[in-house]
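Worksheet for the structure shown next.
Index from 1, following the sequence. Source: prediction; values computed, not measured. Every number for a ligand or one of its atoms is a count from 1 in the order of the listing.
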Amino acid sequence: MSSFSPSTVSRVVTSSSSYASHSTFWLSLLTRQRWTTARPTCQAYRLMSTDTQTTSVNAGFSSRQFNKPRRHKPIPKKQSEAKKKTWEELGLKKSLVDGLVRAYPEVVAPTPAQQMFIPAILEGKDLLVKDETGSGKSFGIALGLLGKPRVTYYDVARGGAEREFVTALVLVPQSNLAIQYYHWLTRIVQNTKPPDRFGIDTDRFVQRLIREGQEHLSTGLKKLYETKPHILVSTPQAILDLYKKDPDLVPFQYLKTVVVDEVDYLIETVPRKDPEKSWKGATDKALKKIRAHPGATRELLDIIYVARKEVHSRMQDWKWLEERGGLQRKGSFCDAEDAFEQLPCTRRAGG
Ligand SMILES: Nc1ncnc2c1ncn2[C@@H]1O[C@H](COP(=O)(O)OP(=O)(O)OP(=O)(O)O)[C@@H](O)[C@H]1O
């Protein structure tokens, strides 16, 4: 497990484009579609490319390659035929695996894709996951996020009381995918512990924030004001609306992971270089359009980037931290059986 650093918020991006007609799995910022850009342009993408924890899960992958177009690279045969790992071998805790098995007995072993990306999620690396439809990308991400530590903070201003914040934000294009994530996660969480008369407060683990008919976000918002979940699943527009209404409800600076599921729907891109044709005009035009009218996901990722950057640049300044309420980080696993299992704390203010 990599140690928490305020500079790092891992980003997980998934895509299952119809262009990926055969079984492949690779990790890179660049996808193969003709319309993807060879040079990431939005701030969020730049954030990925400058991050020190950039993934190296795929052989030969490095952060420098974010800016280079790459050929589609199928998994080497040897790798795909390698011995199947168990969930525990991927780094998931036993109590979580027990919950998974109880909730979904048919999910016996990780898929090849899950074997590759779950350890990377747990380590806090940046990922772009691309594989064919139904290969378990979203499900694996849900599991990986549940297996990550929950970050809580000492609130020095309130006598050292613990405060929890949303640590993982999952952005999806439609509300039905948010419901799917929510259903998976709550079912696994509920099964991490044999049912007793107290049950498990699933709101602490996962919540969804989506538009529901005429009642704009109201149900989800009510819960969110009461309890902060470890994982929040929502659409980019809903989070933007929430941010404009109450920016303190989900403080972006405490996010540890941002997932963009179905990235090819959520982030608009510019045409890829075609050496056979004149591409510059089309690229410039698309870039201009994106800058003038960024989509909701770009806008949101840029806001998150700025919030994180500010905290990162000032996090060394403990005085500033104290003035902001003196929040001190400590870690605890978001796991029903081992709730609040503690990781070593960072030093206390003034200590
Ligand atoms: N390791 C596994 N073993 C068996 N079934 C699995 C496994 N992982 C996921 N599944 C099941 O496979 C189905 C598809 O999973 P999921 O939606 O995560 O795939 P996906 O790759 O994200 O698909 P899409 O590209 O369409 O979003 C789900 O019903 C899920 O329960």
Side-chain angles (χ1 to χ4, degrees), residues 10-28 31-33 36 55 57-58 72 74-75 79-94 96-122 127-148 168-192 205-206 208 210 231 233-236 257-267 297:
S10 58
R11 293 147 293 264
V12 181
V13 182
T14 82
S15 157
S16 62
S17 143
S18 53
Y19 287 84
S21 53
H22 46 85
S23 173
T24 55
F25 174 81
W26 63 305
L27 305 171
S28 158
T31 63
R32 211 182 165 216
Q33 289 107 322
T36 51
T55 185
V57 167
N58 204 19
H72 192 76
I75 305 173
Q79 204 174 331
S80 57
E81 285 166 4
K83 181 188 163 285
K84 275 193 177 174
K85 288 190 175 165
T86 63
W87 296 109
E88 280 98 341
E89 282 169 341
L90 300 186
L92 296 178
K93 294 183 77 189
K94 189 177 177 309
L96 177 56
V97 177
D98 289 348
L100 169 68
V101 172
R102 274 195 283 264
Y104 295 100
E106 70 281 8
V107 177
V108 182
T111 63
Q114 289 165 346
Q115 286 193 44
M116 292 181 79
F117 72 74
I118 288 179
I121 290 179
L122 295 176
L127 299 173
L128 187 141
V129 179
K130 181 175 176 179
D131 203 348
E132 65 181 20
T133 277
S135 54
K137 297 183 291 296
S138 305
F139 191 82
I141 285 168
L143 268 179
L145 293 181
L146 262 189
K148 281 178 81 74
L169 178 64
V170 181
L171 300 171
V172 294
Q174 299 116 10
S175 53
N176 53 359
L177 188 51
I179 293 169
Q180 175 71 80
Y181 265 101
Y182 180 79
H183 176 73
W184 281 332
L185 288 163
T186 45
R187 198 161 153 188
I188 295 169
V189 167
Q190 279 162 350
N191 280 280
T192 49
F205 294 85
V206 57
R208 62 176 197 244
I210 47 178
I231 303 167
V233 190
S234 186
T235 58
T257 309
V258 176
V259 175
V260 183
D261 202 343
E262 307 287 0
V263 68
D264 28 9
Y265 290 106
L266 285 179
I267 296 190
T297 314

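Q174 meets the side-chain contact (heavy atoms from CB on, under 4.5 Å) test with N176; sequence neighbours excluded.
For a threshold of 3.5 Å applied to N or O pairs, the pair formed by V108 and ligand 1 contains no separation below that value. Considering backbone and side-chain atoms alike, F139 places an N or O below 3.5 Å from some N or O of ligand 1. Some N or O of G136 is nearer than 3.5 Å to an N or O of ligand 1, by distance alone. The shortest N/O to N/O separation between P110 and ligand 1 does not fall below 3.5 Å. At least one N or O atom of S135 sits closer than 3.5 Å to an N or O atom of ligand 1. Backbone and side-chain nitrogen or oxygen atoms of Q114 are examined, and one is located within less than 3.5 angstrom of a nitrogen or oxygen of ligand 1.
Here Y104 has no heavy atoms under 4.0 Å from ligand 1, in either its backbone or its side chain. Contact annotation: for A109 versus ligand 1, heavy atoms closer than 4.0 Å belong to the backbone alone.
Shown in contact with E262 at under 4.0 Å from a heavy atom are these atoms of ligand 1, numbered in order with element: 27 (O). Against a heavy-atom cut-off of under 4.0 Å, T133 is close to the following atoms of ligand 1: 25 (O), 26 (O). Near T111, meaning under 4.0 Å from one of its heavy atoms, ligand 1 places the atoms 1 (N), 2 (C).
Residues L92 and G147 share a closest heavy-atom pair of CD2-CA, 4.2 Å. Of all heavy-atom pairs spanning G140 and Q114, the tightest one is N-NE2, 3.6 Å. When all heavy atoms of T297 and P236 are compared, the pair lying nearest together is OG1-CG, 3.3 Å. Considering every non-hydrogen atom in both Y182 and V206, the closest pair reads CE1-O, 3.7 Å. Residues S135 and A113 approach most closely at O-CB, 4.4 Å, considering heavy atoms. Residues L96 and T192 approach most closely at CA-CG2, 4.2 Å, considering heavy atoms.
Figure legend: R187 and Y104 shown as a cation-pi pair, the cationic atom lying under 6.0 angstrom from the six-membered ring centre and within 45 degrees of its axis.
For Q180, the closest heavy-atom approach to ligand 1 does not fall below 4.0 Å. Not close to ligand 1: G140, with no non-hydrogen atom less than 4.0 angstrom away.
Using a 4.0 Å cut-off between charged nitrogen and carboxylate oxygen, D98 and R102 do not count as a salt-bridge pair.
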